[in-house]
Amino acid sequence: MALSTESIDAIKEAAARYPHKKSAILPALTIAYRQIGYLYDDLYIEVADAIGVSPNEVASAATFYTMFPKQKVGKYLIQVCTNISCGLMGAESLKEYLLKKLNVKEGGISEDGLFTVVSVECLGSCTTAPMMQVNQTYYENLTKEKVDEILNDLREKG
Amino acid sequence: MEKKILFANIDDPGQPEIDTYISKGGYESFKKVLKEMKPEEVIEEVKKSGLRGRGGAGFPAGMKWSFVPKDSPKPKYLVCNGDESEPGTCKDRVLMEHDPHLVVEGMAIAAYAIGANHAFIYIRGEFDHPANQMRKAIGQAYDKGYLGKNILGTGYDLEMIVHTGGGAYICGEETALLNSLEGKPGQTRIRPPFPAVEGLYACPTVVNNVETLSNVSLIIKNGGEWYASIGTEKSTGTRIFCLSGHVKNPGNYELELGTPLSYLINDLGGRVIDGKKLKAIIPGGSSTPILLPDKIDTPLDFESIAQAGSMLGSGGVIVMHEDTDMVWVARTLAHFYMHESCGECTPCRQGTKWIYDILSRITFGEGKMDDIDLLLDLCDNIDGKTICPLGDAAVIPIRSTINLFRNEYEYYIKTGKPLVNNKFMSFV
Amino acid sequence: MDKIKLKIDGIEIETEKGKTVLEAALENGIDIPVFCYHPCLKSIGACRICLVEIASPRGGEIVPWPKLQASCATAATEGMEVQTKSERVVKARRGVLEFILANHPLDCPTCDKGGECPLQDTTFKYGLDSSRFDERKRRFSGDTDSTFDDLQIGPEVIRNQNRCIHCYRCTRLVEERFFEQDLGHYQRGAFTEILPPPGGEIRNLYSGNVVEYCPVGALTNRDWRYKVRVWKTVEFPTICRYCSDGCNLRVSVFRNKIYRAQSRANWSIDEGLPCDLGRYGYQFAHHDDRLTKPMIRKDDELVESSWGEALTVIKNKIDETVKSRGSSGVACLVGESLSNEDYYTIGRFFRSVIGTNSIDHRIYRKKKLSFGKDVVERELCWNKLDIADLENASQFFIVGSDLHSENPITALRVLKAKRYSNARIMLLNPLPTHLNRAADEEHIYNAYSEVFLLQGLARLIVESKLYDPEKANLREDEAKLFLKETAEFELKTVSEKTGLAPVVLEALARSLCKTEKTVFISGENVRIHYQRDPILIALYNLAKLTGNLNGNSCGVLLLGGESNSMGCYLFGMRPDRLPYDKPFEKAEELKAVWGDIATDQPGNDTIDILQKINDEKIECAFLLGLDAVNHYPDSEFINRTLSKLDFMVVADLFLTDTARLADVVLPISSHFETDGTFVNWEGVMQKYTKSIKNIGESMPLWQIFAKLSAMFDADFKFRTADDVFRQYAPMIGRDGISRMATLPEKGLRFEKKKEYRDAGLMAVSYRQPSSEELPLTVLSGNGDHHFSRNFSTRCESLNNFLADPYIAINDKLAEDMTISEGDLIKLENSSGKIVAKALIWQNLPQDVVFVPDNFLEVKVNSVRSKDNDIDKVKLVKM
Ligand SMILES: Cc1cc2nc3c(=O)[nH]c(=O)nc-3n(C[C@H](O)[C@H](O)[C@H](O)COP(=O)(O)O)c2cc1C
Ligand code: SF4
Ligand code: FES
């Protein structure tokens, strides 16, 4: 069992909120990936058991939605928006900067296990471009200095 | 001109607290509705206001509500669409973060009007903070007795649930949203049946955008006529425009409908950065046709923008200056639509990928002159042939850029290099 | 039905309101290509190949719709004008086709679907000559040069994702119609993949249908792959030989070998969705174990002989027996999956040539049934409803039936009613059954407490006045009397005996009375129950009380049985009935054809026959298409009994355990090797056709007995199966039905539908069963993908789903006895013992074990006793 009892309880609680428990699949996947860091086949089965639906329903939803990492990622998942508004404001070079500074390949994990950098589609932060999301937090109006500061803070936190 | 009705309290850091909200007359509209108005009267008032959907299509809200069958024995549902994924758009997020009770109250009134006892707000999964703000606000509303069983002793029950997505633009489309809310992959459903008849869990359902619903309590408070007096005759009220791209002061601005685009870009936005020349404007999110600088005086209302050859869409105004490589724009958006195609219908699933493949090839210097006409023909074969409007949206940037900037494509194909060299694309 | 008129391509057509534009066009011979559309599924309008141009009247004008519409998902409306061939439509269609083909590998020469591929055909008809797609094709395997992407996703299904065109027919079918979750779509957009769930396989009972539903070669059958090209095969229509639903199938034959079976949609029966038993169950026909020559016992060993020799031995032995014992010294037992032609010929032979009425088929019964009582079964459970009626029922009350494995196609209709009109499914069984995946309620009662449960519910309804006196047609005094008569079925006692809480029983009673149109279904568990008749009567009481006795889409059904159980009955395979279910008094018509037959008294039934063999009063017996040794509830007894026979003839396809005891073994042909007819449970007679030559020297039974008749100087002159049909056809009494060829393509309702007789409420009483004092009750039924014995286990594909016998026990019991899954365990009682691997089944009641009844290695009838009503055993860990 990879899911903690807290996660299972939270999933069950979510399932009870909806008129139909199947609706809890997305909330449950959110709970699961936040605990584990990413999603994988056996976890779908656990999630399915916790809600009381079939693994097929869970897995087919999970793989459709791209927000949930399907592979192990660093402790901090940095998602750089490279869509139009951010792109106009230099998102590509922001990403390049991050990759170089953290010495990782896109999607890979930095040596210290802390960071993974990926590019994503528009995150709804267009007026404050360029931006990136680190785990759940948005960082906006990024400049080189700001990025350095954020990375330092995160490294310090470990 | 700028007119802050939705944004009236947006800068007050205490606004998300229910007490602050109430102190400014919050929840009075909901109380009034519960105690003094029949559901039909609420719908009537909203109809009178002329409020049109802010999610993209601009469908009159009151009319949509009146499509819900009154005599259906099935439960009815209200769903607030907070998926906000259209590139260039980030207004709903601001409302949910900074004035969540405005959204909750609007949802509650709408739910009452259509006879729903369950209301959901579907928020894109990445929006963790907005979702938490909404959860907190809903929790406070329950505590105050504005939600739950037998609200304020009127016998009306309403449960409100925050549902977060998992990263999928298509889940902003209402039928995909409903599938997603049911726990399924976010693929679309063919219409009819329309959600108003067979929506969530096959029951009558109304889907409205966050901004649309945020207007509702104001309409009830001040009257439909008041609202209709703002804006133009057919485009009433205000809209929040998300100004992004190459402008000095990007940001969300609430404007009276009918305000000229130039006012937004030049007066509020402080013009194009670095003194560069304006090259192109996307006026309503990535799914709307590009306007050239000669259209900068177009009034921002549904009709005028349509006349200028574009759409008001979701209110995402993206400004591009002279150094913007339009083939890059096309490729970036082609990638987006390919990535977000739900995969259900053929033209969209296959077409978006094919288009992206061709554009990538061109930007790798392997383009052929025939590719341009092939792209246009593929656009024809997608446009209007898909289940949902994502397919139609996907071809817009391609057609727009080819029609307006064909020379850039030709140059790219001939030389393997862009005509303009995206100089802006450096943030360091 | 309301009719509407519309124009398609300028042609005015009429159609029913509610139909789609596509349906209206197809009905009228106007071709519109489709991929994702299937008449058995809800339209999703996904593939877009069926786009058409539409204009419709508004305000006195015909207004064109701005967009092309998916005709499969657009309702036809009055006055609509549709274009299916306009320039716009043609361009769009070509565009869609080009998109579909863009990433399709076009590996037709190596693809199994080639030659019968809707994509191939549609491309040929509507497509472009060349492709503008100049990019790298999308590949799922990672190998971009090869189109090979084979992945076995179930015991019999192989997937090549590269070929998939994302019509979602397969996944929709599995979810929408089968209520299964073993196939889904994963990932998104152009990279969407069809897959079973993590760690799973597609292995539901209907899994093979996804292959037929796939309009390309993305899903293919392991069974059929790469063996033969479709255009080299010839197709023959046939009928499934397993359960009593009677699916219509077609087999593909190449050089006298069957390579596959596919659906042959009969909309009133199978809707083109046969279960896997039908699809893969043909394989026994070519099994190496098929008997190919007659055998005669010589020096206590069976040796091959010629037909002439074998039949002569039989003829002489019959003569001898009749001379010494009279014709009553001969008896015949038959199986339930022979053809009507077989039964008719057998009946005529034994009754008119030998002169005995000792014929029976009810080998599975323990106790003697008085002749009259079988009428309960007939009166109540047949003839009123058919499969299609179930679609309109609003509630199913399923008791003592594993409907899913006993009648998979009837189960599909129940599921259809659930899916499209949200009918309620209530399951009541002594153990969980797989239909629970779609059930609204499932209740597990104590094994063998059915009489308490059902009569208890009837009493509860009367006592609590839940019934509507008018609908139930019940007077106050009748109700009072009933309460008096059912005193033993008080709620408290019923609750104790059944193990169901009073609140549950009360809720059941209410739900029965609240819902209209309830169908009560029972099955094998009730068929072989020691109190079968009281159960059926109690069901009848419930139907009456709830107003479901008569009317449409409601009533009582006793299902189960085999492919021709109904024909077996109707063609007189009982000691007291003549063909077409005629009583002896009405033998005149028959005598005119058959000559003299003894009709003064009935012959012996199974129980009597076995008794008389033991008493050495019957010396000569025929066991035809019947493996009695593995069937009769007491294998030791039947073995001993049959060994006493002076002369025993067994006719079968295989050397069964019964055949091993015989003096003469006759190889019979399968139903693929002759023409013939079956009658399914609905009473619908359907024909199948000779598809391959007889295997070896085998012969169909009708032919064997026709030959024997000639040796007795009473030549029936049956040269073909149709000769037999022509002889009995007049008895069917339908104009125009004179030869097999005149039977309607989709079957003939041989038995007329009739209403039940309302005979008032009936009292029944519970009889304490006799049993040994042992802790566990044995229940048995079909294992996954198997049916009955000797046939399904001789099909490789079906064994791929389940090959090994097992004994299922409850998890708590397993824990107590430290038994793990796969351990060898033994069930034992005074009748015998069986040993098999343990399977741990969580929801099985603790005092019950379940053993699949299909495997020859584990004979459940070894632990059955013919004398005890119910069979109890003790469990031993090996
Ligand atoms: C591809 C696609 C994406 C959409 N995304 C959103 C969205 O993110 N937010 C939204 O409110 N509406 C979105 N819509 C529009 C919705 O389908 C729907 O029309 C809207 O939520 C209705 O609300 P309204 O009437 O208040 O505008 C989208 C539509 C399409 C076709
Ligand atoms: S969806 Fe497909 S097959 Fe379907 S009919 Fe229509 S478009 Fe057609
Ligand atoms: S384009 Fe980056 S947040 Fe929208």
If every non-hydrogen atom of [X] is compared with every non-hydrogen atom of [Y], which pair is closest and at what distance?
X      : Y      : answer
B:C90  : A:S125 : CB-N, 4.0 Å
A:F68  : B:G165 : CZ-O, 4.4 Å
A:A61  : B:G183 : CB-O, 3.7 Å
B:G186 : A:Y65  : N-OH, 3.0 Å
B:A168 : A:F64  : CB-CE2, 4.0 Å
A:L88  : B:H246 : O-NE2, 3.1 Å

For [X], is it the side chain, the backbone, both or neither that has a heavy atom under 4.5 Å from a heavy atom of chain B?
X      : value
A:Q136 : both
A:T30  : side chain
A:Y138 : side chain

Residue selection (most heavy-atom pairs with chain B, distance under 4.5 Å) from [options]:
options                     : result
A:T66, A:I25, A:V53, A:I51  : A:T66
A:P19, A:A24, A:A62, A:A14  : A:P19
A:E96, A:K22, A:Q133, A:R17 : A:K22

*Can you label the angle between the A:Y18 ring and the B:H163 ring as parallel, tilted or perpendicular, going by 30° and 60°?*
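A:Y18 and B:H163: perpendicular rings.
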*Sort B:L243 into side chain, backbone, both or neither according to what part of it lies under 4.5 angstrom from a heavy atom of chain A.*
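Looking at B:L243, just its backbone touches chain A.
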_Less than 4.5 Å to any heavy atom of chain A: does that hold for the side chain of B:T164, its backbone, both, or neither?_
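For B:T164, heavy atoms of backbone and side chain both lie under 4.5 Å from chain A.
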*Under 3.5 Å: donor-acceptor pair, side chain of A:T127, backbone of B:P250*: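 No, A:T127 side chain to B:P250 backbone: no donor-acceptor pair under 3.5 Å.
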*asked:* What verdict does the side chain to side chain contact (heavy atoms under 4.5 Å, CB included) test give for A:L26 and B:L181, after you've listed the backbone C-alpha separation in whole Å, the side-chain angles of each residue and the deciding distance to 0.1 Å?
replied: CA-CA 8 Å; A:L26 276 181; B:L181 191 43; over 6 Å; no
*Out of B:S286, B:S244, B:C242, B:P87, which residue meets the side-chain contact (heavy atoms from CB on, under 4.5 Å) rule with A:C126?*
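When B:S286, B:S244, B:C242, B:P87 are each tested with A:C126, the side-chain contact (heavy atoms from CB on, under 4.5 Å) holds only for B:S244.
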_Contact check, side chains of A:S23 and B:Y201, non-hydrogen atoms, under 4.5 Å_ = yes
*Tell me, with the steps shown, if A:N83 and B:H335 meet side chain to side chain contact (heavy atoms under 4.5 Å, CB included).*
CA-CA 9 Å; A:N83 205 305; B:H335 183 273; over 6 Å; no
*Output, in order, the C-alpha distance, side-chain angles, deciding distance and verdict of side chain to side chain contact (heavy atoms under 4.5 Å, CB included) for B:E126 and A:M67.*
CA-CA 7 Å; B:E126 296 88 343; A:M67 188 183 90; 3.9 Å; yes
*Salt bridge present between B:R93 and A:E140 (N-O < 4.0 angstrom)*: yes
*asked:* Quick check: under 4.5 Å, non-hydrogen atoms only, which of residues 277-285 of chain B neighbour chain A?
replied: none
*I would like to know whether A:I84 and B:W328 meet side chain to side chain contact (heavy atoms under 4.5 Å, CB included); could you show each step before the answer?*
CA-CA 9 Å; A:I84 180 95; B:W328 170 85; 4.1 Å; yes
